[in-house]
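Notes follow the structure.
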Protein chains: 2
Amino acid sequence: MAVTLADVAARAHVSAATVSRVLSGNYPVAEDTRARVLRAVDELDYVVNGPASALAAATSDLVGVLVNDVADPFFGIIASAVQSELGAGKLPVVCNTGGSPERELTYLTLLLRQRAAAVVITGSAVEGGTGEGGADGEHAEAVAARIRRLAANGTRVVLCGRPAAFAPPGTALTLEFDNTGGARALTEHLIALGHRRIGYVAGPADRTTTRHRLDGHRAALAAHGLDGDAGRLTVHGPYDRGSGHAGALELLRREPELTAIVGANDTVALGVGAALRERGLSVPGDVSVAGFDDLPFSADMLPSLTTVALPLQEAGARAARLALGLEAAPAGGAAVLPYELRIRQSTGPRRS
Amino acid sequence: MAVTLADVAARAHVSAATVSRVLSGNYPVAEDTRARVLRAVDELDYVVNGPASALAAATSDLVGVLVNDVADPFFGIIASAVQSELGAGKLPVVCNTGGSPERELTYLTLLLRQRAAAVVITGSAVEGGTGEGGADGEHAEAVAARIRRLAANGTRVVLCGRPAAFAPPGTALTLEFDNTGGARALTEHLIALGHRRIGYVAGPADRTTTRHRLDGHRAALAAHGLDGDAGRLTVHGPYDRGSGHAGALELLRREPELTAIVGANDTVALGVGAALRERGLSVPGDVSVAGFDDLPFSADMLPSLTTVALPLQEAGARAARLALGLEAAPAGGAAVLPYELRIRQSTGPRRS
DNA sequence: TTGTACGCGTTATCAG
DNA sequence: CTGATAACGCGTACAA
């Protein structure tokens, strides 16, 4: 890695400054000079020193992408879309936080250290104990502080799937999913099918996404006077298959007359379905099952899963464009992305 | 971002060099001095300038991870494992190459520019037209050249799921999957069940993984004198659901008497199953179906999918350790990871 | 349009 | 164990 700007400059008989300008492309340079420089670059197989230019320019071409876990298709799809939209030139630094605010903080600091050009924070936030919908837990405060600092440094911050309230006003752009609307539509669908005792296997109680989806579910129930039992018919657990399995069993224990179970997401619904099968219950004959997210495999389940589709890909791509400043900020700095109810075979009329 | 090493030094009444040593931790510093420095760091909320230190130290703490597409669980799982094993401090730069050698080259160059500490290259390679098992296409040459340069720069290179032949000798460590062995075992399983006419929906013809899996399949067939028809009973396509769907239909057209179809991977098998159902064929009653990779959803399909499990997580974690130099290199610089045949419900005795 | 010269914030070498 | 000081390689006012 011996060849530097100076070497190229010498070979092209120009100054280092000129080479820099040719490579940056943001400054007028005579055509023949440029050609000479480019040839020298090629002949020497010169590769820019990223850290050096980042130091001098005070910004790198790294873009941080915080996700719970890339192995989870929900995040994998978003991360993939971000990365694709970034195009060559920008490099996505994908960080698994596992949903832990501490690790979020750690990575945000690391990204701050790298002078990242932008940061996309995906996934739900952990809510503080006291606030309701606000961002006032101590961790939320710390994360907000980091975001403020990032923004002050010129790093663009985009929240994707997290309420705008979790970043100080004016420091970030936000893309939210309509979790409440989707959940409500889903439960309305079940109620329309005649279901009255509907179980809900929710995510961890302290996540915003969990609460929003639950809010939508409860709103639908309340609209039909069915919310009296809501507390008893709700169990919490992580957003995984095991939680759906255990949750379904627990719900059935609490209320054998259940005719429908909603999973906090598709993966949970998968576990719910498996538990039901083990119990000898048919889906949707005995019990209807529904999920959320519409991950790729959901349509291929048997029976295919009724769920709520979220524009994950679009969200990621748009987040990337916002992060690069290629797209105008949405009005008010935040946009809500639409959901789409996907009624498939796992839900049907209530058993008589 | 005004606060620098010098500011901290001033506050702690020491030199910048001392602060640097305290923060790097790789140099003896008096206990009280260290405490004073640490306090100053804390009080000023100092954050190291990554690019600056990368420039001075000639290496960053970025680790490149090249994958086909993180949205694909196969790669998502590996990437996630790499990232988790990296721990805080190292940042994973995840690059989607879409399997394209050009983009692989582009990202490798970008990583070279960043002075990445290490690079993990996952996924199969594209084979040159002339060679057989070698790495002599022009693209392969170019990629090899980049790898050589990376290695020369001190960047550790780890190939994960790609033959060692695709990196110049001594420049990279390799973790390979036993695709051939797994494929052979899978087809042996089908043959043992009585199947004689077995279709195969393979991946793109020019990928090493495709060839290796096909080799294993053919070897099993040959061992039982069933390879006469192999060419006719094989179709190629991308590693996706649509390919499995179309492939199954085409195979059925070519040979209506087919009693089993193997997909190049689980996603392809999903498509195969869907096509079969549409044709009114039952699985495994009429036709047995098998996949490869054992992705998370495979066990939950109905019928659950017989497949070959690969230690994706372990591979990613180990690749990360090799990349960090935390684990001794395997003998000969390359290790082959074991597969595990997972016999489930999608395969059964040949219909009579 | 091109060259000069300095600064970016760290690390590492070399004294002390 | 600690302090100067010289790189590290590039961007960019400023000058020509």
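The basis for the numbers below is simple: all heavy atoms, side chains too, and nothing from hydrogens, waters or symmetry mates. Residue numbering restarts at 1 for every chain, and letters A, B, ... go by the order of the sequence lines.
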**Report entry** Residues from residues 24-42 of chain A lying under 4.0 Å of DNA chain D - heavy atoms
**Finding:** none

Query raised in the report: Short question: side chain of B/Thr97, backbone of B/Arg103 - any donor-acceptor pair under 3.5 Å?
Result: no

**Report entry** Gap between atoms CG and C1', on A/Leu55 and C/dT10 respectively (whole Å)
**Finding:** 8 Å

Query raised in the report: What integer distance in Å separates B/Asn49:CG from D/dG9:C1'?
Result: 14 Å

**Report entry** Spacing of CD belonging to A/Glu85 relative to OG belonging to A/Ser80, to within rounding of 0.5 Å
**Finding:** 11.0 Å

Query raised in the report: When rounded to the nearest 0.5 angstrom, what distance separates CG in A/Asn96 from CG in A/Asp69?
Result: 4.5 Å

Query raised in the report: What's the CG-P distance between A/Asn153 and C/dG9, to the nearest Å?
Result: 11 Å

**Report entry** Nearest-Å distance for atom pair CZ/P, residues A/Arg113 and C/dT10
**Finding:** 10 Å

Report summary line: Of the candidates C/dT11, D/dG9, C/dA12, the side chain of B/Ala17 sits closest to C/dA12

Report summary line: From CG of B/Asp61 across to P of C/dT10 the rounded distance in Å is 14 Å

Report task. Take the protein atom CZ of A/Arg21 and the nucleotide atom P of C/dT4, then report the distance between them rounded to whole Å. Result -> 11 Å

Report task. Mind checking which stems touch DNA chain D? I mean at least 3 consecutive Watson-Crick or G-U pairs, both distances under 3.5 Å. Result -> C:1-16 with D:1-16

Query raised in the report: Without hydrogens or angle criteria, can the side chains of B/Glu102 and B/Ser100 be said to hold a donor-acceptor pair below 3.5 Å?
Result: yes

Query raised in the report: Do the charged groups of A/Arg11 and A/Asp42 touch, with an N to O distance under 4.0 Å?
Result: no

Query raised in the report: Base, sugar-phosphate, or nothing for A/Leu5, non-hydrogen atoms under 4.0 angstrom?
Result: sugar-phosphate

Requested in this report: Using a heavy-atom cut-off of under 4.0 Å over every strand shown, decide if A/Val19 touches base, sugar-phosphate, or nothing.
Outcome: nothing

Report task. Report yes or no: do B/Asn49 and B/Thr4 form a side-chain donor-acceptor pair below 3.5 Å? Result -> no

Query - Closest to the B/Ser53 side chain, choosing from D/dG9, C/dG3, C/dT10 - result: C/dT10

Query raised in the report: Within the structure, does a side-chain N or O atom of A/Ser15 lie under 4.0 Å from either OP1 or OP2 of C/dT4?
Result: no

Report task. Would you mind reading off the distance between B/Asp7 atom CG and C/dC8 atom C1', rounded to a whole angstrom? Result -> 13 Å

Requested in this report: Output yes when at least one side-chain N/O atom of B/Ser20 is less than 4.0 Å from OP1 or OP2 of C/dT11, else no.
Outcome: yes

Query raised in the report: Out of B/Val120, B/Val70, B/Val82, which one pairs with B/Val94 under the side-chain contact (heavy atoms from CB on, under 4.5 Å) rule?
Result: B/Val70

Query raised in the report: Are a donor atom and an acceptor atom from the side chains of B/Thr109 and B/Arg146 found within less than 3.5 Å of each other?
Result: yes

Query raised in the report: What distance do A/Arg113 atom CZ and A/Leu62 atom CG have between them, rounded to the nearest 0.5 Å?
Result: 13.0 Å

